[in-house]
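Within every chain, numbering begins at 1; the chains are lettered A, B, ... in the order of the sequence lines, protein sequences first and strands thereafter. All heavy atoms count here, side chains included; hydrogens, waters and symmetry mates do not.
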Amino acid sequence: MLNPTTIFVTGGSRSGKSTFARRRAESLEGRKVFVATAMPIDDEMRARILAHKRERGGQWDTVEEPLDLVGVIERLKDRYEVIVIDCLTIWLTNVVLAWEDRLVEGGIVRLAERLRQVRGDVDILIVSNEVGMGIVPDGALSRRFRDHAGLLNQMVAEVCDEAYLIVSGMPLRLK
Amino acid sequence: MLNPTTIFVTGGSRSGKSTFARRRAESLEGRKVFVATAMPIDDEMRARILAHKRERGGQWDTVEEPLDLVGVIERLKDRYEVIVIDCLTIWLTNVVLAWEDRLVEGGIVRLAERLRQVRGDVDILIVSNEVGMGIVPDGALSRRFRDHAGLLNQMVAEVCDEAYLIVSGMPLRLK
Amino acid sequence: MLNPTTIFVTGGSRSGKSTFARRRAESLEGRKVFVATAMPIDDEMRARILAHKRERGGQWDTVEEPLDLVGVIERLKDRYEVIVIDCLTIWLTNVVLAWEDRLVEGGIVRLAERLRQVRGDVDILIVSNEVGMGIVPDGALSRRFRDHAGLLNQMVAEVCDEAYLIVSGMPLRLK
């Protein structure tokens with residue numbers, strides 16, 4: 001049996017990141033759980049969540065966790081062989097709305113640290129988003145979010161064994 | 001003689017995508033046609049179109065087709081050896097303005113299907129744009145456009161033989 | 001001793017571009033100077049500049065030059081072995097604010113030309129930004145900036161010996 005692997009998957013919106021992560025997860029053995037960070041707060045979001053659920057089909061368990069990813073990894077790591085977390089930037093949006101700004105960076109550091117610690121215990125695939133390759137946004141809030149997202153991606157990617165940038169459905173291997 | 005190839009070229013704005021596609025096309029043998037999807041609706045657009053035309057020089061025929069790419073491929077494939085379509089996201093903008101939203105996805109599927117069918121008949125180079133790597137846009141319309149563009153790039157890239165992401169004028173090979 | 005090298009480093013905001021350039025510079029021998037193009041015009045910018053300065057530590061000299069990069073390269077190239085310029089898009093912002101629009105392109109051409117000429121005299125690392133992979137911005141000014149930035153990245157990357165796209169802290173080699 002192969003060693004459990006921690007895999008970081010990033011890309012633009014609708015680039016095929018989730019599909020790439022799901023297929024890679026389905027190629028791995030064992031019980032699989034999908035951790036959805038999105039909250040069905042409006043119709044647009046509800047439709048996206050449902051569409052993703054249908055794509056995964058019945059062989060997956062789904063857990064919704066908007067904020068406490070450290071806790072959810074702790075709870076799930078002994079009950080499943082494969083955990084997919086989708087996605088980090090939605091989690092970050094939830095965190096930014098829920099916490100004071102000065103606490104966000106600490107939350108990112110704790111998440112990366114937890115991922116480093118469970119490396120080798122369970123296969124984890126983490127989906128994130130590229131949000132920093134457009135024009136500088138007007139709002140200070142958007143600029144701060146972009147900064148947090150960049151830090152998050154760097155810190156999480158660093159503790160992963162593999163990392164990919166998905167473009168138009170195809171992977172560029174980062175490490 | 002080499003087999004005709006279908007090539008997908010994507011990248012950010014002014015990344016050198018069109019130049020890459022044009023040079024690649026000029027390295028191929030046979031009569032060449034450039035399919036422009038942009039409409040000269042204002043001075044800014046008119047200036048861009050003219051600048052591109054000057055770069056291509058006199059050895060190219062140019063066809064303007066804002067909407068019916070399936071039809072234009074059909075008409076041109078027996079009269080030319082090399083077809084460049086530039087670019088898919090402008091076409092998508094035209095389609096989104098002209099059609100009802102629920103019809104857009106069908107149009108994308110039909111275009112990808114047509115490209116799959118003509119594979120091997122004629123060299124086709126298709127230029128597209130990355131639009132999904134910035135911050136989530138405020139407007140629902142922009143978010144839908146981004147979703148459509150992501151789907152479009154995935155579906156078209158999938159039926160192509162080669163695919164490239166152009167960054168600062170240089171190609172990263174996707175497949 | 002190795003030949004001096006000109007290295008282009010691009011990527012999204014907070015992708016780890018500056019860190020990559022700094023580490024690469026620190027692996028090179030000789031006196032090092034950091035050319036900061038950012039002006040401490042508000043608290044947000046002042047905080048960023050200070051944070052970067054702390055990361056570099058005491059072994060670096062720092063020169064602030066918002067506009068005249070051609071002149072600064074000329075002045076520094078015989079006094080240092082390694083020059084880091086960080087970053088080109090901030091320089092472009094300064095240039096766009098200071099100069100008439102029709103002069104911007106000429107300034108880009110002169111900078112690229114100067115970099116080509118000093119190639120082989122001194123190690124130069126140039127940090128830039130990807131700003132063209134988001135949705136088309138609403139404002140004509142933002143679109144023009146994006147166009148200028150795309151041209152700038154293409155022209156500067158072309159005269160460099162090496163080029164990298166940094167994603168989530170990891171480099172994709174462009175050339």
(Q) Heavy-atom count check: over 12 atoms from other residues, nucleotides or ligands less than 6.0 Å from A/R116 CZ? (A) no

Q.
Is there a side chain to side chain contact (heavy atoms under 4.5 Å, CB included) between A/M133 and B/V167? Walk through the geometry before answering.
A. CA-CA 11 Å; A/M133 295 198 193; B/V167 179; over 6 Å; no

**Q.** Residues, nucleotides or ligands: over 12 heavy atoms within 6.0 Å of B/K175 NZ
**A.** yes

Q: Would you mind checking which part of B/L151 comes under 4.5 Å of any heavy atom in chain A, side chain (CB onward), backbone (N, CA, C, O), both or neither?
A: both

(Q) Quick one, A/L172 with B/L174, criterion side chain to side chain contact (heavy atoms under 4.5 Å, CB included). Give me CA distance, side-chain angles, the key distance, then yes/no. (A) CA-CA 7 Å; A/L172 284 166; B/L174 298 168; 3.6 Å; yes

Q) Can you say whether B/A163 sits under 4.5 Å from chain A via the side chain, the backbone, both, or neither, judging by heavy atoms? A) side chain

(Q) Under the salt bridge (charged side-chain N to carboxylate O under 4.0 Å, His left out) definition, can you give me all pairs with a residue in residues 124-143 of chain B, not counting sequence neighbours? (A) A/E44-B/R143

Q) What option among B/D147, B/V131, B/V156 has the most heavy-atom pairs under 4.5 Å with chain A? A) B/D147

(Q) With rounding to the nearest 0.5 angstrom, report the CD1 to CD1 distance, B/I135 to A/I135. (A) 13.0 Å

Q: Answer with side chain, backbone, both or neither: which region of B/R173 has an atom nearer than 4.5 Å to a non-hydrogen atom of chain A?
A: backbone

Q. Minimum heavy-atom separation for A/S168 to B/N153, with atom names?
A. OG-CB, 3.5 Å

Q. Which residues in residues 6-18 of chain B have any heavy atom lying under 4.5 Å from a heavy atom of chain A?
A. B/F8, B/T10

(Q) Counting neighbours of CD on A/E158 that are heavy atoms of other residues, nucleotides or ligands and sit closer than 6.0 Å, is the number greater than 12? (A) no

Q | Shortest non-hydrogen contact from A/G169 toward B/Q154 | A | N-CG, 3.7 Å

